[in-house]
Protein chains: 2
Amino acid sequence: MTRLRILDAAEVLFVEQGFSAVKLSVLARSADVTKSLIHHHFGSKERLWEAVKNRAFERYFTAQMAMLEEAGEPSAGLLRKSVEAYFHFMRDNPGVVRLFAWTHLEGDNQCSELDNQLVGAGAEWVRQTQMRGLLRQDINPTHVIAVFVMTCTQWFEAKCHHQHWPGMGSDEAFLEDFLKVFMEGVLPRD
Amino acid sequence: MTRLRILDAAEVLFVEQGFSAVKLSVLARSADVTKSLIHHHFGSKERLWEAVKNRAFERYFTAQMAMLEEAGEPSAGLLRKSVEAYFHFMRDNPGVVRLFAWTHLEGDNQCSELDNQLVGAGAEWVRQTQMRGLLRQDINPTHVIAVFVMTCTQWFEAKCHHQHWPGMGSDEAFLEDFLKVFMEGVLPRD
DNA sequence: AAGCGTATTGACCGGCCGGCCAGTTAGCAT
DNA sequence: ATGCTAACTGGCCGGCCGGTCAATACGCTT
């Protein structure tokens with residue numbers, strides 16, 4: 001379908017360059033349609049941009065929700081698994097990461113309802129795990145989520161920046177070290 | 001001086017909107033100069049953009065270097081202080097944070113020489129602290145730096161995004177919780 | 001006062017941007 | 001076949017984009 005071809009090509013360009021740097025003429029050529037056709041299907045550049053973001057964020061949201069729902073009994077091991085899953089999702093969906101970054105810089109928070117749901121569910125899960133004494137209880141559950149989400153996000157958002165830092169390891173090496181610190185930090189002291 | 005007035009106004013706009021969304025005509029009005037004058041002083045929009053970035057990154061670099069140099073005897077307490085200082089620097093210089101973010105998205109790494117120096121020095125400091133048995137030794141020192149830098153950075157870069165997350169606390173509350181996790185995670189087990 | 005370099009101006013340019021529109025084609029129900 | 005709607009096209013537009021240029025004002029040396 002044409003609409004889809006436009007959406008796909010737009011996503012590639014928007015992910016790469018952000019909103020204002022993308023030229024409709026280039027996009028048209030890249031999607032192999034006429035410029036008019038883009039307007040026919042989406043009305044304006046802004047609305048196309050929103051359509052692209054919505055689709056990507058929905059993908060993100062459903063993937064995360066599925067992950068959360070298939071989570072079983074609260075346990076520290078499960079938290080570790082969740083962090084790993086989140087990290088690998090980010091690694092495998094670099095487009096979403098960049099789209100998030102552009103969106104943050106725009107100050108756009110249209111995806112916040114979905115995200116609040118996600119974070120709320122995650123934090124609630126952490127709280128339950130805390131109550132069972134499996135995680136230390138003197139930390140705001142939302143902050144637990146925030147710490148690992150932000151670390152994973154920034155790792156991939158700013159990869160071009162810190163991948164050349166002296167001594168920096170691979171994705172997996174970093175994840176492992178982060179998990180060492182993070183898990184040791186959230187486990188209860190005995 | 002006019003050149004400075006242009007640079008200042010440009011920084012405000014670039015920080016806000018990124019490179020391509022900024023219109024030279026708007027910038028000229030905002031700096032109260034003519035468009036031609038901008039070209040006279042900087043040659044092109046691109047070169048102005050680079051001048052703005054260079055100035056900001058130099059500010060960042062010298063501030064961080066000063067912080068690092070006045071650091072005393074390696075100790076876990078000092079690491080905590082460093083994280084706090086970094087966090088507060090980011091809080092007090094939101095422009096730098098956003099400039100970093102735009103730069104990351106552009107894939108630009110012109111600031112990498114300075115940054116490598118900074119990270120290298122920080123990592124070396126961590127390594128020495130590890131060798132004295134004051135930090136656990138099974139973690140890549142660069143990763144230690146990376147974890148707290150990325151968390152602080154992302155906290156402020158994406159603030160508009162997660163500040164409305166349910167249960168999210170203030171800057172200081174988050175920092176405190178992060179430090180609880182981070183410090184507990186990097187200290188050696190007894 | 002003359003000379004010179006720098007700062008500053010306003011008018012102007014070619015190009016291309018996002019968007020529009022009149023018209024054509026294709027699919028599909030009746 | 002007829003009619004209707006949605007998909008699609010090419011051409012065009014007004015506007016503004018970044019950038020240029022010739023001319024002028026200013027400040028400093030000699």
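Bear in mind that the values here come from a model prediction, so they are computed numbers and not experimental data. Below, read A as the first sequence line, B as the second, and so on, with proteins coming before strands; counting in each chain starts at 1.
Judged purely by distance below 3.5 Å, without hydrogens or angles, the side chains of Gln163(B) and Trp155(B) never pair a donor atom with an acceptor atom.
OP1 or OP2 of dC8(D) lies within a sub-4.0 Å distance of a side-chain N or O belonging to His41(A). An OP1 or OP2 oxygen of dT8(C) is reached within less than 4.0 angstrom by no side-chain nitrogen or oxygen of His40(B). A close approach under 4.0 Å does not occur between any side-chain nitrogen or oxygen of Lys23(A) and OP1 or OP2 of dC17(C).
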For this session: Could you give me the CA-CA distance, side-chain angles and deciding distance for Phe14(B) and Trp102(B), then say whether ring-ring contact (aromatic ring centres under 6.0 Å, His included) is met?
Result: CA-CA 9 Å; Phe14(B) 280 140; Trp102(B) 292 117; 9.6 Å; no
Problem set entry | Check against side chain to side chain contact (heavy atoms under 4.5 Å, CB included), Leu79(B) and Leu134(B) | CA-CA 10 Å; Leu79(B) 177 58; Leu134(B) 302 171; over 6 Å; no
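The nearest whole Å value for the distance from the NE2 atom in His39(A) to the P atom in dG19(C) is 4 Å. Protein atom CG of Leu37(A) is 15 Å distant from nucleotide atom P of dG19(C), rounded to whole Å. Taking atom CZ on Arg29(B) and atom C1' on dC16(D), their separation rounds to 11 Å, with Å as the unit. Rounded to whole Å, the distance from CG on Leu4(A) to C1' on dA7(D) is 15 Å. Distance, Asp32(B) CG to dT9(C) C1': 13 Å, rounded to whole Å. When rounded to the nearest whole Å, the span between CZ of Arg5(B) and C1' of dA7(C) equals 12 Å. Between the CG atom of Leu27(A) and the P atom of dC17(C) there is a distance of 12 Å, given to the nearest Å. The CD1 atom of Ile38(A) sits 15 Å away from the P atom of dA7(D) (whole-angstrom rounding).
Nearest-nucleotide assignment on DNA chain D puts the 5′-proximal partner with Ser36(A), out of Ser25(B) and Ser36(A).
A donor-acceptor contact under 3.5 angstrom links the side-chain atoms of Lys35(B) to the base of dG19(D).
Closest approach of Lys45(A) to Ser20(A), counting heavy atoms only: NZ-O, 3.7 Å.
Tested against Glu157(B), the residues Met90(B), Arg98(B), His104(B) include a single side-chain contact (heavy atoms from CB on, under 4.5 Å) partner, His104(B).
Closest to the side chain of Lys45(A), out of dT9(D), dT8(C), dG19(C), is dG19(C). Distance from the side chain of Glu46(B) is smallest to dG19(D) among dG19(C), dT8(C), dG19(D).
Val26(B) comes within 4.0 angstrom of no nucleic acid atom, judged by non-hydrogen atoms across all strands. Within the nucleic acid shown, Leu24(B) comes within 4.0 Å of sugar-phosphate atoms alone, with no base atom in reach, counting heavy atoms only.
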